[in-house]
There are 2 protein chains.
Amino acid sequence: MKLAPARTLCPDCRLVDLCLPYGLHIDEVKQLARIVKNKRLLPPEEYLYLQGDECRSLYAVKSGSFRCFISNADGTEQTLGFYFPGELMGLDSLQHGRSTCSTVALETGMVCEVPLSRLNELCTEIPGLQIQMMRILGKEIASDHDQIVLLGHSTAKKRMATFLLMLSRRYGALGFSNTAFNLSMRRVHIANFLGLTIETVSRQLAELGKQGIITIKQRDVQINDLDLLKAIVEHCSAQQLYAGQPLS
Amino acid sequence: MKLAPARTLCPDCRLVDLCLPYGLHIDEVKQLARIVKNKRLLPPEEYLYLQGDECRSLYAVKSGSFRCFISNADGTEQTLGFYFPGELMGLDSLQHGRSTCSTVALETGMVCEVPLSRLNELCTEIPGLQIQMMRILGKEIASDHDQIVLLGHSTAKKRMATFLLMLSRRYGALGFSNTAFNLSMRRVHIANFLGLTIETVSRQLAELGKQGIITIKQRDVQINDLDLLKAIVEHCSAQQLYAGQPLS
DNA sequence: GAATGAAATTGATCCAGATCAAGAATACCG
DNA sequence: CGGTATTCTTGATCTGGATCAATTTCATTC
């Protein structure tokens with residue numbers, strides 16, 4: 001998922017309208033580009049930052065995808081989310097200047113580092129940038145809320161369907177197909193994100209496959225019936241949807 | 001939980017160091033106080049705003065407590081969190097100017113309304129205020145992450161213990177006792193917040209009572225052994241802690 | 001292309017917490 | 001104060017997803 005060549009600056013970046021500069025005037029974008037430093041290329045499995053690290057920057061995803069997670073005292077992990085191009089990582093460190101989670105590259109990826117001190121200064125000069133920061137933070141909060149609802153109230157099937165639809169929407173927004181994509185994360189990370197075990201993830205994917213709603217081969221996903229997937233999310237269980245008609 | 005008389009302005013409010021003005025100079029606090037409007041008194045069960053409402057303000061809790069929740073299509077609710085004095089409600093509406101959740105008073109409470117347009121203006125004039133906003137937003141994100149971890153990975157007992165400790169910490173921070181307090185929410189809201197049923201909440205509380213860790217009578221909670229409660233959260237199940245020694 | 005190891009699938013069993021079903025305690029109100 | 005409606009507790013049973021246990025599939029390396 002490489003969207004832009006490495007040295008592109010914000011004004012020429014394809015992600016300009018999906019990222020921090022959204023809504024800014026061209027000269028404001030140039031100002032912002034001036035404070036962005038250290039574009040960094042990360043190979044798969046490399047950590048961007050670790051839980052507890054001092055963290056005085058935000059990181060925008062330029063290409064690739066990332067996984068953010070919390071390590072518990074008992075050695076287990078909880079995946080908090082996945083990040084795709086145009087999204088801002090490290091927002092939780094705004095609280096104390098220290099990250100409360102770790103972030104790792106799922107595939108080769110590039111990030112743009114935005115030092116917080118410079119960003120704060122620029123926010124006072126460019127009101128639109130401050131508004132956009134608030135929008136991004138509000139969005140992060142709203143999406144965390146969605147995750148809380150998902151983990152608090154849903155069956156395994158609904159969690160799986162919600163996950164696939166979330167990927168579909170985000171890939172679509174980036175200009176990729178919203179019905180055929182490649183999972184950049186392993187089953188264990190999906191399981192971990194959805195509060196399930198890998199066995200359950202595997203079984204749910206298999207069942208969606210048997211019902212013809214998706215076709216899945218390892219990491220390759222093809223969504224055959226987006227509406228049915230949405231129906232699973234809106235109602236509760238897929239069985240109900242099929243009541244009275246034979247499957248497969 | 002009435003901390004301050006109704007008409008107190010920010011500079012004289014007891015919550016000044018727990019709320020939005022934290023870290024500001026006295027004249028900056030006065031500037032902030034000038035944009036705060038419509039202190040509103042809400043009786044129990046009254047809604048501050050509804051899911052989907054246009055929402056161009058943030059609301060600081062001055063007294064009382066509030067519950068924030070999302071209503072699902074199937075009629076179920078997910079409680080996202082509880083708000084106590086000094087905390088800021090409505091942060092998710094920063095995304096689109098529309099609230100993604102409903103907020104309701106649990107008991108008689110007072111809120112201070114902070115119009116977003118004025119707040120944004122003031123943030124460009126007072127760098128400390130902008131920093132504080134970022135801190136508050138980062139804190140909200142980090143606490144949502146904690147909730148995701150709790151819902152994704154914990155037994156009923158651990159959820160219950162975590163909940164009690166969270167209340168203990170927050171009441172303590174407000175200057176109240178951190179070992180004896182009154183629950184302002186019903187069992188159903190606790191259940192709903194923790195992704196459990198009321199029956200499970202009731203049973204877990206009863207068991208903590210039998211073990212002598214807490215004493216609970218309806219809404220009155222007395223924590224007898226804070227360390228043991230912490231141990232339940234850090235380890236996994238209380239049974240392990242008691243291995244080998246008779247209970248009660 | 002065979003050998004090794006990691007990741008994913010599939011099957012069998014188990015259990016924590018949900019659900020169902022009474023009761024008990026408390027609050028509300030005329 | 002008694003009657004009614006909520007809210008909470010407690011007990012009995014059930015079940016979705018976890019756990020345990022093989023396989024199978026895929027990726028990597030020589």
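Distances shorter than 4.0 Å separate none of the side-chain N or O atoms of B:Arg159 from OP1 or OP2 on C:dG17. Not one side-chain nitrogen or oxygen of B:Thr197 sits closer than 4.0 Å to the OP1 or OP2 atom of C:dG17. In terms of phosphate contacts, B:Arg203 brings no side-chain nitrogen or oxygen within less than 4.0 Å of OP1 or OP2 of C:dA16. At D:dT9, one or more side-chain N or O atoms of B:Ser202 fall inside 4.0 Å of OP1 or OP2 (strictly under the cut-off). The side chain of A:Lys217 places an N or O atom within less than 4.0 Å of a non-bridging phosphate oxygen (OP1 or OP2) of D:dC26. Residue A:Lys157 places none of its side-chain N or O atoms closer than 4.0 Å to OP1 or OP2 of D:dG17.
Taking atom NE2 of B:His189 as the reference point, atom C1' of D:dC8 lies 14 Å away to the nearest angstrom. Rounded to a whole Å, the CD atom of B:Glu45 is 14 Å from the C1' atom of C:dC28. Distance, A:Asn192 CG to C:dA7 P: 14 Å, rounded to whole Å. Regarding A:Met185, its CE atom lies at a distance of 16 Å from the P atom of C:dA7, rounded to whole Å. Computed from coordinates, the A:Ile216 CD1 to D:dT25 P distance equals 16 Å when rounded to whole Å. Distance CD1 (A:Ile190) to C1' (C:dA7): 12 Å, rounded to an integer number of Å. Protein atom NE2 of A:His153 is 16 Å distant from nucleotide atom P of C:dG17, rounded to whole Å. With rounding to whole Å, B:Glu199 atom CD is found 10 Å from C:dG17 atom C1'.
Annotation: B:Phe84 is in aromatic contact with B:Tyr171 [ring centroid separation under 6.0 Å].
With axes fitted over five pairs at each extremity, the angle between the ends of the helix from C:dG1-D:dC30 to C:dG30-D:dC1 is 50° (10° resolution).
B:Leu196 comes within contact range of the sugar-phosphate backbone alone, with a heavy-atom separation under 4.0 Å but no base atom that close.
Side-chain proximity of A:Arg186 to the nucleotides C:dA7, D:dC8, C:dT9 is greatest for C:dA7.
Rounded to the nearest 0.5 Å, atoms CD (B:Gln204) and CD (B:Glu199) are 12.5 Å apart.
Contact annotation: the side chain of A:Lys230 approaches that of A:Leu165 to within less than 4.5 Å [non-hydrogen atoms, C-beta and beyond].
The nearest heavy atom of DNA chain D to B:Ile198 and to A:Gly195 marks one nucleotide each, and the one closer to the 5' end goes with B:Ile198.
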